[in-house]
Amino acid sequence: MRTVQDMVAEAKARIREIGPDQLREMQARGVPVVDVREPGEFAEGHIPGAVNIPRGVLEFEVDGHPAVNCVRDPALGHRDQPVILNCRSGARSAMAADALRQLGFAEPLSLAGGFMGWANAGLPVER
């Protein structure tokens, strides 16, 4: 029987993780950062400039599912461009990056250590 930890490890084996310094560099070049945590988590603090698309609706948001008012988020508008995903610890974002990979995104990336690693490194947090 597989565990959620197995699923996360499998996802991490199929995607690329990046560190905070690489995130900052890529974000400065215009690469979008998508925070896949729940809205309440996002409101408590997030990476400056990140957009919030909860993990539970991410795949539906990509194609403008009616459950999210048929609106596609601009951060997910270009499947051939990189997109960085983050969550609290790096597990949900790894699974989200793997889901986007399966949906044809060329370079979905996950922030290793997630928002906790970002905040613990003393990097800027927006509220």
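Residue numbers run from 1 in the order of the sequence given.
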Between [Y] and [X], is the closest basic N to carboxylate O distance under 4.0 Å?
X	Y	result
Glu107	Arg16	yes
Asp98	Arg101	yes
Arg55	Glu38	no
Lys12	Glu17	yes

For [X] and [Y], indicate whether the former's side chain and the latter's backbone hold a donor-acceptor pair under 3.5 Å.
X	Y	answer
Trp118	Pro124	yes
Asn52	Asp35	yes
Arg92	Cys87	no
Gln27	Pro48	yes
Asp6	Thr3	yes

Drop me the distance from Leu58's CG to Leu100's CG, to the nearest 0.5 angstrom.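 So the gap between those two atoms works out to 4.5 Å.
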Could you walk me through whether Arg37 and His46 pass side-chain contact (heavy atoms from CB on, under 4.5 Å), step by step? CA-CA 10 Å; Arg37 296 176 301 155; His46 55 272; 3.7 Å; yes
In sequence, state the C-alpha distance, the side-chain angles, and the governing distance for Met95 and Ile15, and then conclude on side-chain contact (heavy atoms from CB on, under 4.5 Å). CA-CA 9 Å; Met95 292 177 70; Ile15 57 106; over 6 Å; no
Please report the closest heavy-atom contact between Ala97 and Pro108, naming both atoms and the distance.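 It is O-CG, 3.3 Å.
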